[in-house]
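It should be emphasised that the depicted structure is a prediction, and the values quoted were computed from it without experimental measurement. For this chain, numbers begin at 1 and follow the sequence in order.
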Amino acid sequence: EGAYMTKIHYYITEKNAIDKSRFRELTRMTDEEYANGVEVGGAADNSTDDFVSYILNIRNEKLDNQMNLVTDVMCVDGKVRQTLAPTIVVCDSLSAMRVGKYADKMEKEFEKGKDGNKESDIMRALQAKATMLSTTNLFKYCEEANIIILFIVHIGQDQGISIGYQNVQIKTGLNDKTAHKTKGVPANIKYLMDGIFDLSGM
């Protein structure tokens, strides 16, 4: 009946973050699938608080309508169980997301760095966002309503090269002394970076 149990929510935190034709090309969706299976939300001035509210709204809508969203899944143990159909939220991007009440303070901090782009500044920004999101009920909401969030994290080229080089050295045992340089990077962000650099082969 045109009602999709699983939807992709593309949450934007910067202007023109999504190109519809490119998105359809990457996902190989038809026009009909895109029209019914994708919702674009968020705004360029949205903060971590806005994002949590957005996830909460999805969670509430799913729980209110859960009888129509139950689907059978094959589990790793081979048994078929019922669960809420997943919802995928793409956050584009964590780097551009504002930090609510800390936004003004952070802008002043950025001004102290070279072009507002020192490694310490970018890491402090990611740390603040990761901390704020993890101290809310965000992950509880996700668990309750089977919401999967994919965070896109943009970092400056100089930070990317530096972090990637350090991680490769640490993994290959070339220079264990570089380990301290990644201190302060949130564990979940570092895990994500490790995955990106593994996939891209530097």
(Q) Quick check on the hydrophobic clustering: are V38 and I148 connected, directly or via other members, by side-chain heavy-atom contacts under 4.5 Å? (A) yes
Q: Not counting sequence neighbours, which residues clear salt bridge (Lys or Arg N to Asp or Glu O under 4.0 Å) with D64? List them please.
A: none
Q: Identify, with sequence neighbours excluded, every residue that meets side-chain contact (heavy atoms from CB on, under 4.5 Å) alongside N137.
A: K140, Y141
Q: Apply side chain to side chain donor-acceptor pair (under 3.5 Å) to the pair S47 and D50, showing each step before the final yes or no.
A: CA-CA 5 Å; S47 68; D50 298 312; 3.3 Å; yes
Q. Excluding sequence neighbours, so at least two apart, what forms salt bridge (Lys or Arg N to Asp or Glu O under 4.0 Å) with E143?
A. none
Q) Could you give the distance from CD (E39) to NE2 (H9), rounded to the nearest 0.5 Å? A) 4.5 Å
(Q) Does any part of the side chain of L94, heavy atoms only, come nearer than 4.5 Å to the side chain of L133, both counted from C-beta? (A) yes
Q: Please test I8 against M29 for side chain to side chain contact (heavy atoms under 4.5 Å, CB included), starting from the C-alpha separation and ending with a verdict.
A: CA-CA 11 Å; I8 297 173; M29 284 183 166; 3.6 Å; yes
**Q.** For R81, all residues meeting salt bridge (Lys or Arg N to Asp or Glu O under 4.0 Å), sequence neighbours excluded
**A.** D77
Q. Do L56 and F139 belong together in a cluster built from hydrophobic side chains that touch within less than 4.5 Å?
A. yes
Q | Interatomic spacing from CD1 in I12 to CG in D92 - rounded to 0.5 Å | A | 8.5 Å
Q: Say whether V89 and L69 are linked into one hydrophobic cluster, either directly or through other cluster members, by side-chain heavy-atom distances under 4.5 angstrom.
A: no
**Q.** Co-members of the apolar cluster containing M74 [side chain, <4.5 Å]
**A.** V80
Q: Mind checking ring pair (Phe, Tyr, Trp, His ring centres under 6.0 Å) for F23 and listing every partner two or more places apart, or none if nothing turns up?
A: Y10, Y34
Q | Residues R98, T13; criterion side chain to side chain contact (heavy atoms under 4.5 Å, CB included); working and verdict | A | CA-CA 8 Å; R98 295 173 67 255; T13 58; over 6 Å; no
Q) Taking a hydrophobic cluster as the set of Ile, Leu, Val, Met, Phe, Trp and Tyr residues connected by side-chain heavy atoms closer than 4.5 Å, whether directly or through intermediates, do I18 and I88 fall within one such cluster? A) yes
Q: Taking side chain to side chain donor-acceptor pair (under 3.5 Å) as the test, write out the residues that go with E61, two or more places apart.
A: none
Q: Could I get the full list of side chain to side chain donor-acceptor pair (under 3.5 Å) partners for T87, not counting sequence neighbours?
A: K62
Q.
List the residues meeting side chain to side chain donor-acceptor pair (under 3.5 Å) with N65, not counting sequence neighbours, and say none if there are none.
A. N68
Q: For T136, check side-chain contact (heavy atoms from CB on, under 4.5 Å) against everything at least two apart and list the hits.
A: V52, L138
**Q.** Contact summary for L84 and Q66, nearest pair of heavy atoms
**A.** CD2-CB, 3.6 Å
Q.
To the nearest 0.5 Å, what is the distance between CG on N146 and CG on L63?
A. 11.0 Å
**Q.** From Y4 atom OH to E32 atom CD, the distance as rounded to the nearest 0.5 Å
**A.** 3.5 Å
(Q) If you compare all heavy atoms of T30 against all heavy atoms of R24, which two are closest, and at what distance to 0.1 Å? (A) O-CD, 4.2 Å
Q: Kindly write out the residues that satisfy side-chain contact (heavy atoms from CB on, under 4.5 Å) with A43, not counting sequence neighbours, or none if the list is empty.
A: D45, N46
(Q) Within this structure, what is the CG-CD distance for the pair N60 and E144, rounded to the nearest 0.5 Å? (A) 9.0 Å
**Q.** Least distance between heavy atoms, K7 atom then N36 atom
**A.** CE-O, 3.2 Å
Q.
With rounding to the nearest 0.5 angstrom, report the CD1 to CD1 distance, I149 to I55.
A. 4.0 Å
**Q.** Set of residues satisfying side-chain contact (heavy atoms from CB on, under 4.5 Å) with respect to R22, sequence neighbours excluded
**A.** D19, E25, L26
